[in-house]
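Everything below concerns the one structure shown next.
Nothing here was measured: the structure is a model prediction, and the numbers come from that model. Lettering follows sequence order; numbering is per chain, from 1.
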Number of protein chains: 2
Amino acid sequence: MPDDRKKLTIYQIAELSGVSVSTISRVINNSPYVSARTKARVTDIINKHNFSPSSLARAMTSNHTKTLGVIVSDITNPYFSELYLEIQRYAVDLGYSIILCNTFYGGSNHGVSDAIPENTYFQMILDKQVDGVLILGGEIDRDHISDAYKEALNRMGKQIPVVILGESVPDCNCIFLNRNLSGGIPALIHHLLALGRRKIGFVGGEEGIRTTTARLTAYTQTLKNLGISFDSSLISLSNYYAPDGYRAMAKLLEQPETTPTAIICMNDAVAQGAIRAINDKGLSVPKDISVASCDQFPSGEYTSPRLTTLDQQNSYLGRMSIMTLINAINNDSEGISISHQPRLIIRESCGAHLGIQFQQ
Amino acid sequence: MPDDRKKLTIYQIAELSGVSVSTISRVINNSPYVSARTKARVTDIINKHNFSPSSLARAMTSNHTKTLGVIVSDITNPYFSELYLEIQRYAVDLGYSIILCNTFYGGSNHGVSDAIPENTYFQMILDKQVDGVLILGGEIDRDHISDAYKEALNRMGKQIPVVILGESVPDCNCIFLNRNLSGGIPALIHHLLALGRRKIGFVGGEEGIRTTTARLTAYTQTLKNLGISFDSSLISLSNYYAPDGYRAMAKLLEQPETTPTAIICMNDAVAQGAIRAINDKGLSVPKDISVASCDQFPSGEYTSPRLTTLDQQNSYLGRMSIMTLINAINNDSEGISISHQPRLIIRESCGAHLGIQFQQ
DNA sequence: CATAATTTTGGTACCGATACCAAAATGACA
DNA sequence: TGTCATTTTGGTATCGGTACCAAAATTATG
């Protein structure tokens, strides 16, 4: 039984096989320039000793590491973890490993306040010589990104392919995949109107974040277009998690005049928090207030009531992101354009299943 | 303005500074054997050109990559993603990067059935020459692990430190951190008994998985010790996610004789699914059935009703795991022993807040 | 000021692969 | 059997750092 306590090198295999390192290299790289006899013998010895070449040494000459960097703001957020799953699945199929970097930026923070500066990760990842970088959320999602951040992005983008699932930033050496952030909002509003609701609020999300801004704009615009009287006191922002939804909704419920008959939440976590706040006030969903959400989480199907929400098609977005990155790495400049239409999922939280007309 | 299109090497910096590569190496490694003058000049040039040494080349000589492998069965599961957050936080503080490998093993699968064999990852990670490996969930959580898996673990453990957050497997070159899997179950049962419940069911989890087996044993044992009549028809296993909780609970509700007055669920996701199943049958929680859970998720505080559950102290477990691994890497053989007592969180789903005595 | 002690610097082998060119072995054919 | 083409193999520079030893420069000492 061979000693596998330490990794063997190509030189030791050469020694054991009685051939040169060049020949071993040829065998492990499936070069045609080896005789069948030699190849068989060497393969045998390789298997017996469980040898596999050091990817480190390989990377030294080949200049690629078969490693990708994925920078994400909060992996505990179902939106990101679902994206990640799809990304990793595809990457592993193609032989890539993923260095995951959680920045905690704008995340739930879980009791800890200090986010890790994304620049720190940029450097870390660059030093590891990854073949490409994928950025999901974080500073890039702000309406206005800082010069320092942009400069860091630029520097990174000059060295390796950087794909960003987010809205384009001018003069940035990165590939942007623009999502359809506000798609589905009009459908959501029409759904609520059809049920009789007219006093529609907006709950959750954070000021200055792209997703929030885009949806908020779509929301106000749609209402305006329909000639619905609209009051900014029905908007209550905070953040993207259940506690935020609770807090934001509780604020709306403080005064009768700001209490809506329906709300649109940023995502299912926010919606769940909002529903709790409504229940704690002794009101009921959907009887007193209809609740809709913009971003479907797996849990939304099991809340009470089940959430009417938008499916943002995360798997599709994840797959497009990783495909774009790998194409960029392989210089297949064949641009990928993404087009996804968030799909309305009608369940119970707006009251459609009751088949009645609600009060306005 | 320096050209930063390509990463500079230590040789080019040497050239630019008019000194030898040895000196540059000394500067970037903070060696005391450089004159202050030289050090200042070189540092200047390094900063101006934004140079940072290739961690690849460094790893070639130093034999460590400052990279860790983390193998997890399903990162979308809040249990694991919270562990991961704590692990990464600690690792990054110490200058380590993390290669994350999601095996999909026994996970929610998200519509895809084929898990990625963990052995594949073992090889991938070993080739990348990570300094250590952390395993969270997956095959290791089975009551009986396969010989092939064990052999793969062994081979890996011989080469690099492997820490497993899970129950010990004999003759395995790995460091095991045994969790207190069944802690808190008696407390949960006492809580239910105090509220008047006696027909207590067990919902969710999967046959042959350590967590399930341990908790099931604690459950039956506690009931037996208390002299409570116990019926195995009150046990309905399935898996660890909301749809599984729904399915398992629905099964119990099919017949009046198997319908419990209280249930203990494997985690908050399962509990949420179970509550939906109960509601869909026209019954109410906690009035008709009390629901308790063994594993706290952030969402459990925002369900209707709020979940009475067990806090497994994931942050603590995550921190202990990564600390153990890094200690092992540094040969600080100083063993870390973990001791966590799952803590009972009393909220609404068992009905304690109502202050009444329920039917048995 | 010569010599020794100490500080500072330079040269080069090495880590484990690959790539490229040269050399050896084999086979084809006159 | 000799010559040439083709297949197969070997030798070694290289990637970008570190480590170790030798050499040069500086300072201390008699």
For A:Glu167, what residues pass the salt bridge (charged side-chain N to carboxylate O under 4.0 Å, His left out) criterion, not counting sequence neighbours?
-> A:Arg179

Those residues at least two apart in sequence (or on a different chain) that pass side chain to side chain donor-acceptor pair (under 3.5 Å) with B:Ser315 are none

Relative orientation of the end axes in the helix from C:dC1-D:dG30 to C:dA30-D:dT1, expressed as an angle to the nearest 10° (five pairs per end) = 60°

Write down the distance between NE2 (A:His64) and P (D:dC15), rounded to a whole number of angstrom.
-> 17 Å

Residues at least two apart in sequence or cross-chain that pass salt bridge (charged side-chain N to carboxylate O under 4.0 Å, His left out) with A:Glu151, listed by chain then number, are A:Arg155

With B:Phe122 via ring-ring contact (aromatic ring centres under 6.0 Å, His included) - residues at least two apart | B:Tyr149

Using a cut-off of 4.0 Å between protein heavy atoms and nucleotide atoms, how would you tag nucleotides 9-16 of chain C 5' to 3' with B, S and -?
-> BBBB--BB

Atom CG of B:Asn30 and atom C1' of D:dT18: how far apart are they, to the nearest Å?
-> 15 Å

Is a side-chain donor-acceptor pair under 3.5 Å present for B:Ser54 with B:Lys7?
-> no

Go through the steps for A:Gln12 and A:Thr9 under the test side chain to side chain contact (heavy atoms under 4.5 Å, CB included), then give the verdict.
-> CA-CA 5 Å; A:Gln12 320 195 44; A:Thr9 75; 3.2 Å; yes

B:Leu134 and B:Val163, any side-chain heavy atoms less than 4.5 Å apart = yes

Minimum side-chain heavy-atom gap B:Arg26-B:Thr23 below 4.5 Å = yes

What is the distance, rounded to the nearest whole Å, between atom CZ of A:Arg37 and atom P of C:dA25?
-> 14 Å

Just how far, in rounded Å, is P of C:dA17 from CG of A:Asn29?
-> 11 Å

